[in-house]
Amino acid sequence: SRVTMAAAANDSTADEKAPGTIGVGRYEEMEQDGASSTAKSRLSGLLWHGGSAYDAWFSCASNQVAQVLLTLPYSFSQLGMLSGILFQLFYGLMGSWTAYLISILYVEYRTRKEREKADFRNHVIQWFEVLDGLLGRHWRNVGLAFNCTFLLFGSVIQLIACASNIYYINDRLDKRTWTYIFGACCATTVFIPSFHNYRIWSFLGLVMTTYTAWYLAVASLLHGQVDGVKHSGPTKMVLYFTGATNILYTFGGHDMAREVMHAMWRPQKFKAIYLMATAYVLTLTLPSAASVYWAFGDELLTHSNALSLLPRTPFRDAAVVLMLVHQFITFGFACTPLYFVWEKLIGLHDCRSLCKRAAARLPVVVPIWFLAIVFPFFGPINSAVGSLLVSFTVYIIPALAHMITYRSAHARESAVEQPPRFVGRWTGTYVINAFVVVWVLVVGFGFGGWASITNFVRQIDTFGLFTKCYQCPTPPIPDASWPFPGGLHN
């Protein structure tokens, strides 16, 4: 309605005029004009329409940990206890820094466009559009390629994780068959319009991962160390950097940060929210990974899913079921930005019909389904994606984009937000950005890429593509002497 639009414009103008605030207007995507304040609409708002700082925190924390929680003990067996802890702290801090850079670039782009009277109420700003607006089409093309490929394989990983987990409570079907089933289930995420509509799902997802993390920690401590347990990691450079890149992947979950920010009523709060989300995630990942590694040691080198080593109990079955639901949610998180790109490509992004948009989104799920069947290597695929895609998508490109956007004195002076004093203002920011680029390029992409690809190729050589049941226990060999005890000779 005109009244709503005028109020939003007044809020935006007030933000621009107020000292110390950023002129980013509020908006609510796909809101129906003139919605009445009925009990039904209030319930819908409580469960469906989110845009607050709390919604963003739940989204960031829920999406960041996801299924990788189950593979971190595997990484600890490759790295060793000390390196595993240090890499989690280091990459958690680095991920929070690049999320800060992304938020700054997003706010800069959106503020410039809104000063040009651009209207984003029915348009979701994405990373490639930010790069296009600030740096040009070449940056847009590079960002789009890395962004879409990472989100594609991020969705593949969630689908693989679903099949890997359900197998531990129902092994009557092999993992490939479970992948077929969960591919169809995850395709229903096409009906979720945007990140506005993940309010209840984000909350439930974080509850589920919190339970699973503390189940892993407590169950491992109660189980105690297995007989003859060994903690020999790190033993090989290939394994060491494979584990490190899996942790790099763990804290690279802010690839959909722009879409989450766009769903916020106050997107400038995102940087602090993401830092708090990372701090909470570390309270889940550190105790669980350390406890499982302490209990099982080197056995984890051949068990990339930590749940496979714990005895079956109702508590473990509950963890499996909760992680399955959470992976469905995270599949939607990873796929939704892909849905947006596809909608913009075919010209349906501004369509108000949810059914038309859902039908148009279905082709995006097909290649994800196919790749999950081709490469069902739960664990090793995380490291490969981390080194080849995450390293550029959420670390190198944002750091370089920030440096180039503000390379001139005029750009720095007119920046929407100045760097904080405790990092050394612009000089300190450039030093940190240069360190991120060099470190991730050499350690993450260079050594990590070599190690993860070597390990990935080893999985293909051992199990083959389209393997029916990756890392499943070998079925027992039937007794050849039955029904004649001692064999036919006797």
Is a donor from one side chain sitting under 3.5 angstrom from an acceptor on the other, for [X] and [Y]?
| X | Y | answer |
| --- | --- | --- |
| Ser96 | Thr278 | yes |
| Asn246 | Thr71 | yes |
| Asn455 | Ser452 | no |
| Asn165 | Trp178 | no |
| Tyr339 | Glu343 | no |
| Thr242 | Gln78 | no |
| Ser308 | Tyr167 | no |

Could you check whether any side-chain N or O of [X] sits under 3.5 Å from a backbone N or O of [Y], counting only pairs where one atom can act as donor and the other as acceptor?
| X | Y | result |
| --- | --- | --- |
| Arg312 | Ile169 | yes |
| Thr209 | Leu206 | yes |
| Thr189 | Cys186 | yes |
| Ser291 | Ser288 | no |
| Thr313 | Arg316 | yes |
| Tyr395 | Val436 | no |
| Thr283 | Tyr280 | yes |
| Thr98 | Gly95 | yes |
| Glu129 | Gln126 | yes |

How many angstroms lie between [atom1] in [X] and [atom2] in [Y], if you round to the nearest 0.5 Å?
| X | Y | atom1 | atom2 | result |
| --- | --- | --- | --- | --- |
| Thr245 | Trp450 | OG1 | CH2 | 11.0 Å |
| Phe392 | Leu441 | CZ | CG | 5.5 Å |
| His326 | Thr212 | NE2 | OG1 | 8.5 Å |
| Leu300 | Leu309 | CG | CG | 5.5 Å |
| Cys60 | Asp55 | SG | CG | 10.5 Å |
| Trp127 | Asn147 | CH2 | CG | 9.0 Å |

Centres of the Phe447 and Tyr240 rings: under 6.0 Å? no
Distance flag, aromatic centroids of Phe435 and Trp97, threshold under 6.0 Å: no
Report yes if the side chains of [X] and [Y] come closer than 4.5 Å at any heavy-atom pair, otherwise no.
| X | Y | answer |
| --- | --- | --- |
| Leu338 | Cys148 | yes |
| Glu108 | His402 | no |
| Ser220 | Trp294 | no |
| Cys162 | Phe328 | no |
| Phe182 | Leu324 | yes |
| Leu388 | Phe150 | no |

Parallel, tilted or perpendicular, judged at 30° and 60°: which one describes the rings of Phe90 and Phe87? perpendicular
Check [X] against [Y] and note the closest heavy-atom contact, atom names and distance.
| X | Y | value |
| --- | --- | --- |
| Cys335 | Ile368 | SG-CD1, 3.3 Å |
| Gly154 | Tyr249 | CA-OH, 4.4 Å |
| Leu216 | Ala306 | CD2-CB, 4.3 Å |
| Leu371 | Phe153 | CD1-CZ, 4.1 Å |

Is the count of non-hydrogen atoms from other residues, nucleotides or ligands lying under 6.0 Å from Met276 atom CE greater than 12? yes
More than 12 non-hydrogen atoms from neighbouring residues, nucleotides or ligands closer than 6.0 Å to NZ on Lys344, yes or no? yes
State which residue, out of Tyr54, Trp57, Phe58, fulfils the ring pair (Phe, Tyr, Trp, His ring centres under 6.0 Å) condition with Phe203. Phe58
Identify which one of Leu93, Leu282, Val68 satisfies the side-chain contact (heavy atoms from CB on, under 4.5 Å) criterion when paired with Phe251. Leu282
Which residue in the set Lys271, Arg425, Arg110 passes salt bridge (charged side-chain N to carboxylate O under 4.0 Å, His left out) when paired with Glu417? Lys271
Decide yes or no on side-chain contact (heavy atoms from CB on, under 4.5 Å) for Val218 and Phe315, but give the supporting numbers first. CA-CA 11 Å; Val218 174; Phe315 295 105; over 6 Å; no
Could you go step by step and tell me if Thr429 and Tyr100 meet the side-chain contact (heavy atoms from CB on, under 4.5 Å) rule? CA-CA 11 Å; Thr429 299; Tyr100 161 76; 5.6 Å; no
